Structure formats: C-alpha cells, structure tokens
Amino acid sequence: MALKLTDLKTNVHNDWCPGCGDFGILNAVQMALAEMNVEPSNVVIVSGIGCSGKMPHYIKTYGVHTLHGRLLPFASGIKIANPNLEVVCVGGDGDGMGIGAGHFVNSGRRNLDMAYIVHDNGVYGLTKGQASPTLKLGMKTKSLPKPNINQAVNPLLLAIASGYTFVARGYAYDVRHLKELIKKAINHKGFAFLDVLQPCPTYNDILTKEYWAGEDNLDPSGKPVPRVYKLEETGYDGVVHENTEEEIERKVAQAVLKSFEFGDRTPIGVFYQNEFTPTYEERLNSRMPTYRTYPPAMQRIARDDGTPLAKVQKLLDELSLT
Ligand SMILES: Cc1ncc(C[n+]2csc(CCOP(=O)(O)OP(=O)(O)O)c2C)c(N)n1
Ligand code: SF4
Ligand SMILES: [Mg+2]
C-alpha cells in the first residue's frame, strides 16, 4: 500500500519557534520518505542535541535522540548491525562541526550507506543563539554581544575533504527542491552529506528568509534577486560518471571551487557525487563474506527452545556471577 504523508506525522507537540526553517526540513523529510514509499519500520532517524535534534519525535518511524555531537557513531553502530535499515542522521551545525567534528570527519572516511542532514542556521539555537562553527567571521547576530571572533568552517569543503561521496546543499524554504535532494541523498550508495540553509528567526537576524529571498538585493529595475540559485539550472554536473582518477579529481576540484560561493550567489543542489568508492559495508563483506547475509542483527542468538547459542558460562564463572 502506498505510504501517505499523514502516515509519517506524529501527534507529539512541536515546540520549534514559529517560522523556524526546521519545519521546512521536517516536511521535506516526510515528503521524501512518503514518495520513496519506504516501510516506516525500516527507517531510523538518528539525531544529536539541539533544536534540530527533536526531529525523530516528529516523524513516525524508529528514531533515537542521542547525545550532543554523538549521532554519527550511534548511527554507524545501527547501520553496521543491520545494513538493511534506512538510516537518516539529522543534526545541527554546532552538533556536527563543533563538538562532533571528529566524528564528522571520520564518518566521511568510512562511507557507510547512510544520509546526514545538517540544519545549518549559524547559531546554537537550543542554547539561545551562540555563534556556531558555520557563522562567518565578523557577523553579529542579535544574539551575540560582539561580532563573531572566529573564522567559519565551510561544511561542504570539510565534507569533500573528509571523503563523503555525496555532498549537497539545500534550502529549508524550498521544500520541493529539498525533498528531491533528500531522496537523492537516501538513494545514494555511500555516505551522503546534505547541508541545509536553515533560517533561525529567533536568534539569527542576518541569514533570514528575507535575506535568502534577496529582498534587499535588487536588480536595476528594483526587483529582488534571490541569493540562492540551483546548480542544475546552470548546467553544473557534480556526478562522477567514470571511475578514473582524472574524472574524480576534476569533479572534486569543481566542487571545492563551488563550495566557496556564499552570500549574494549561493548555490544549492548536488556539488559532488561518486558511487564508485566502496561502502564500509562492502569493505566489511570483503573481509567477512558472511557479513551481508548475517550481519550482527540477523544472527541467531538462541535455539528454537530459547537456550542461548553463545557459551557464556565461562565468562559468568570468571565474573563470579553464578
Ligand atoms: C556535551 C554537551 N555539551 C553541551 C551541551 C549544550 N548544548 C545543547 S544543544 C547545543 C548546541 C546546539 O546547536 P546546534 O547543534 O547548532 O543545533 P540547533 O539548536 O541550532 O539546531 C549545546 C551547546 C550538551 N547538551 N551536551
Ligand atoms: S531557536 Fe531558532 S532553530 Fe531553534 S526552534 Fe527557534 S527558530 Fe528554530
Ligand atoms: Mg545550529
């Protein structure tokens, strides 16, 4: 039976601020899952801590609200234990590129077949608007007493350098476009990173919906020129079509250059995609050919009569538990 959007909604009270970009991301995730007609019991949404971290509560699939910056190791464990699950990681920019930066880098190197959506709002929303690692040097949001003293991390550049095999950016208020990107990220073979420009109207009064719509960025006739533009409308193609060093280097270099565009012309879409890199699951399978058929979650732990297959008596004796 076809999955409906309403099947993915929960009746949990939503406590995001009115107008928050998180709503657009939530809708896009639900629309993407409904259109892909994935079995909700086969999906796990794994989040960190932050306003963004509340996502699993609002989507009727399995979900885990983990610790600040620790969603990626948690999600990796789930995916390795049961590679048949669709694992979607969701977190904030602080969560992923601040406290969780080490996990961000090393998860890219592993290339598990999962998707990671980052709510990029330039602030620590949940803790009242401190500067997040993606806020540019010198920006002063209304939540900061003084302009930001630190340089910003470029999330797309960091993702490319870390080995993510799908690197894209979406915009929270272009829900249809974002939904398509989420579908691409979930369908991608390998670890997909999707950075989403997410206005936080409560604490970030610079990177607002009005800013991205270009309300103060007028053309000579006085018409607003939106600051986000779609890569695919410019003929840009980030996909690696041939598994050659030359093609991969060319596509990486192109994505690196594009990742620096931010501000008056900010690209959204797929910057880079390479499905030739083996996934972590494929690497595991080549070491343990039984992994695909019997990953840890599929292994029998008991006989039909309920007695355990594992011989734990020796361990219990050593621990003096019997
Ligand atoms: C180990 C730890 N350190 C600090 C915190 C406090 N804390 C909670 S959320 C958060 C920042 C959230 O910002 P971000 O990840 O950008 O998510 P947003 O709220 O903007 O969606 C911090 C510092 C925490 N919960 N745990
Ligand atoms: S503080 Fe910002 S990010 Fe958090 S719910 Fe409110 S508007 Fe959204
Ligand atoms: Mg944030």
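In each ligand, atom 1 is the first atom listed, and ligand 1 is the first ligand listed. Quick caveat: nothing in here was measured; it's all calculated off a predicted structure.
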- Message: Regarding Thr277 and Asn111, do their side chains bring together a donor and an acceptor under 3.5 Å, going by distance alone?
- Response: no
- Query: Can you find a side-chain donor-acceptor pair between Thr279 and Asp113 that sits under 3.5 Å?
  - Reply: no
- Query: Please state which protein non-hydrogen atom is closest to atom 25 (N) of ligand 1 and give its distance, to 0.1 Å?
  - Reply: Ile49 CG2, 3.8 Å
- Task: Measure centre to centre between the rings of Phe104 and Tyr164, then say whether the value is under 6.0 Å.
- Result: yes
- Message: Under 4.0 Å from a heavy atom of Gly92: which atoms of ligand 1 are those, numbered in the order shown and with their elements?
- Response: 14 (P), 15 (O), 16 (O), 17 (O)
- Is there a donor-acceptor contact under 3.5 Å linking the side chains of Asn121 and Gln198? yes
- Within 4.0 Å of some non-hydrogen atom of Pro201, the atoms of ligand 2 are 7 (S)
- Message: Using a 4.0 Å cut-off to any heavy atom of Asn121, which atoms of ligand 2 qualify?
- Response: 3 (S)
- Of all protein heavy atoms, the one nearest atom 2 (Fe) of ligand 2 is Cys200 SG, 2.3 Å
- Please confirm if an N, O or S atom belonging to Cys17, backbone or side chain, lies less than 2.8 Å from atom 8 (Fe) of ligand 2. no
- Using distance alone, determine whether Asp93 and ligand 1 share an N or O pair under 3.5 Å. yes
- Which heavy atom of the protein is the closest neighbour of atom 4 (Fe) of ligand 2, given with residue, atom name and distance? Cys51 SG, 2.4 Å
- Item | Shortest non-hydrogen contact between Tyr236 and Ala255, atoms and distance | OH-CA, 3.4 Å
- Item | Charged tip of Arg110 within 45° of Phe191 ring normal and under 6.0 Å | no
- Note on the structure: With heavy atoms and a 4.0 Å threshold, my read on which part of Asn121 contacts ligand 1 is side chain
- Looking only at protein heavy atoms, identify the closest one to atom 21 (O) of ligand 1 and say how far it is in Å. Ser52 OG, 2.8 Å
- Message: Can you name the atoms of ligand 2, numbered from 1 with element, that are less than 4.0 Å from a heavy atom of Gln198?
- Response: 3 (S)
- Please check if any side-chain donor atom of Glu247 sits under 3.5 Å from a side-chain acceptor atom of Asn243, or the reverse. no
- Message: So if I count the atoms of ligand 2 from 1 in the order they appear, which ones are less than 4.0 Å from some heavy atom of Tyr203?
- Response: 1 (S)
- Candidates Arg292, Lys189, Arg287 - the one meeting salt bridge (Lys or Arg N to Asp or Glu O under 4.0 Å) with Glu282: Lys189
- Least distance between heavy atoms, Ala168 atom then Leu156 atom: O-CD2, 3.6 Å
- Among Gly125, Ser132, Gly94, closest by any non-hydrogen atom to atom 20 (O) of ligand 1: Gly125
- Message: Tell me whether Glu232 contacts the main-chain N or O of Gly269 through its side chain, where contact means a donor paired with an acceptor under 3.5 Å.
- Response: no
- So, is Gln198 polar-close to ligand 1, with some N/O to N/O distance under 3.5 Å? no
- Heavy-atom nearest neighbour in the protein, as seen from atom 8 (Fe) of ligand 2, with distance rounded to 0.1 Å: Cys20 SG, 2.3 Å
- Message: To check your reading of the model: name the closest protein heavy atom to atom 6 (C) of ligand 1, its residue, and the distance in Å.
- Response: Thr127 CG2, 4.0 Å
- Task: Decide salt bridge (Lys or Arg N to Asp or Glu O under 4.0 Å) for Asp22 and Lys54; before the verdict, give the C-alpha distance in whole Å, the side-chain angles of both, and the deciding distance to 0.1 Å.
- Result: CA-CA 10 Å; Asp22 287 348; Lys54 297 176 183 175; over 6 Å; no
- Look at atom 23 (C) of ligand 1 and find which of His68, His119, Gln130, Lys128 reaches it with the closest heavy atom. His68
- Query: For atom 1 (C) of ligand 1, what's the nearest protein heavy atom and its distance?
  - Reply: Ile99 CD1, 3.6 Å
- Query: Among the heavy atoms of Lys128, does any lie under 4.0 Å from an atom of ligand 2?
  - Reply: no
- Which heavy atom of the protein is the closest neighbour of atom 15 (O) of ligand 1, given with residue, atom name and distance? Asp95 N, 2.7 Å
- Any sub-3.5 Å donor-acceptor pair from Arg169's side-chain atoms to Pro267's backbone N or O? yes
- Protein contact to atom 19 (O) of ligand 1 [nearest heavy atom, distance to 0.1 Å]: Cys51 N, 2.8 Å
- Query: Which class fits the ring pair Trp16 and Tyr58: parallel under 30°, tilted 30 to 60°, perpendicular over 60°?
  - Reply: perpendicular
